[in-house]
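Here is the structure we will look at, set down as structure tokens.
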Amino acid sequence: MAAVSTPPPAPNERPIAVFDSGVGGLTVLQELLVELPHEDFLYLGDTARFPYGERSAGELEQFALEIGELLLARRAKLLVVACNAASAAALGALRERMLSTTLGVDVAGVIEPESRQAASASENRRIGLLATTATVRSGAYARALAAQAPDAELISVACPDLAPIIQQGFPFDHRVVETVRGYCAPLRDAGVDTVILGCTHYPLIAPMLQRMLGPGVKLITSGRALALSVARSLEDSGLGAARLQEGDYRFLCTGDVETFRTLGSRFLQMPIEQVEHIQLPLQEAA
Ligand code: DGL
């Protein structure tokens, strides 16, 4: 008797894949889980190569392309680049590669939706950006903002050590407070009324930033703006999950699984159960 093969899942039943340099992108996944409760998610944290923020644009593009291939092989219906540094360096190349495959998968990044939200939030047209060196150096936020709000001025501050400091984590001590204060100073001096948190880790220090920048300053995080734009794009493409029950979420990581689980649940603020360790082709060399 011939073997009965199970048909592949319908396109809208496939998961949304999300990737980041590590656990930071879980702040973005959290917003997606809230906005799209019926979807399945597959999250990849490239923890073995964290941090991305001091790497070159060429390196980040290579990483993003190899991760994109892997997530495509896991039958993602949409690829979300949660990492600001990878979005800044690789979104165009990744989108071109993914759309050219037989599955024709689209790619969403964090920079455009976040810039759009900042442009509509700012009244005095002076907008601050806190981000890693790679993100600031790419000029991606400056370009996105110029397209959204040509009359706005962007004041960018590169924060090379901030993501690792936040990740090393709780309890935050005096050293963290002074580091954050130093990064906020140029934004206070410039009189910005809106600040883009251009890194996955920064929502974890939002209260500290708000206190130092002043209560009237609007903080824009990438997760919320992105989740709303992903919801809209699923609706437009007809790729939204049709089910009424909650979807599931699973994890892949390139580093230690236990560390991912414990550190990750702090960023996600939800339980993390299934985590699969994976090895990427270029991982050894990096
Ligand atoms: N996900 C990275 C970003 O948003 C966090 C920092 C890093 O990997 O250096 O840029």
Side-chain angles (χ1 to χ4, degrees), residues 17-32 43-64 66-68 71 79-91 94 107-115 117-118 128-142 144 156-169 176 179-180 183 195-206 209 219-227 251-256 259-260 263-264 266-268 280 282-283 286:
V18 181
F19 90 84
D20 179 52
S21 60
V23 290
L26 294 169
T27 60
V28 175
L29 178 66
Q30 184 195 68
E31 298 286 0
L32 288 164
Y43 179 96
L44 187 152
D46 191 4
T47 42
R49 297 186 294 198
F50 173 85
Y52 275 12
E54 298 296 302
R55 293 185 182 270
S56 72
E59 212 174 3
L60 293 177
E61 189 176 307
Q62 272 190 328
F63 292 179
E66 72 166 344
I67 290 171
L71 294 171
L79 188 54
V80 173
V81 186
C83 179
N84 302 70
S87 287
L91 193 71
L94 188 61
V107 183
V110 283
I111 289 170
E112 201 270 333
E114 199 179 14
S115 302
Q117 206 177 67
L129 167 68
L130 296 170
T132 63
T133 308
T135 299
V136 170
R137 200 175 41 209
S138 74
Y141 277 101
S156 303
V157 179
C159 314
D161 52 353
L162 193 51
I165 285 180
I166 294 170
Q167 185 152 318
Q168 278 148 28
V176 179
T179 305
V180 176
Y183 290 136
V195 173
I196 297 172
L197 307 191
C199 171
T200 49
H201 286 58
Y202 303 171
L204 267 76
I205 55 160
L209 290 169
L219 300 183
I220 311 292
T221 59
S222 47
R224 183 81 197 125
L226 174 93
F251 302 90
L252 308 171
C253 78
T254 55
D256 180 66
T259 311
F260 182 92
L263 206 54
R266 220 177 67 204
F267 280 73
L268 187 64
L280 291 165
L282 297 174
Q283 204 175 312

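Here, residue 1 is the first one in the sequence, and each next residue gets the next number. Read the numbers this way: they start at 1 and go in the same order the structure lists the ligands and their atoms. Because the structure is predicted, anything quoted here is derived from the model rather than measured.
For the pair Glu54 and Arg49, the salt-bridge criterion is not met [side-chain N within less than 4.0 Å of a carboxylate O].
Note: Tyr43 and Phe260 have tilted aromatic rings, judged against thresholds of 30 and 60 degrees for the angle between ring planes.
For the pair Val28 and Leu226, the minimum side-chain heavy-atom distance is below 4.5 Å. Taking 4.5 Å as the limit, every side-chain heavy atom of Gln30 sits out of range of all side-chain heavy atoms of Phe267.
The aromatic ring centroids of Tyr52 and Phe63 lie less than 6.0 Å from each other.
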N/O pairs closer than 3.5 Å, ligand 1 and protein:
residue	atom	partner	partner atom	Å
ligand 1	1 (N)	Asp20	OD1	2.6
ligand 1	1 (N)	Ser21	OG	3.1
ligand 1	1 (N)	Thr200	OG1	3.0
ligand 1	4 (O)	Asn84	N	3.1
ligand 1	4 (O)	Asn84	OD1	3.0
ligand 1	4 (O)	Thr200	N	3.1
ligand 1	4 (O)	Thr200	OG1	3.3
ligand 1	8 (O)	Ser21	OG	2.7
ligand 1	8 (O)	Tyr52	N	2.8
ligand 1	9 (O)	Tyr52	N	3.2
ligand 1	9 (O)	Gly53	N	2.7
ligand 1	10 (O)	Ala85	N	3.2

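Side-chain atoms of Asn84 and Thr135 include no donor-acceptor pair closer than 3.5 Å.
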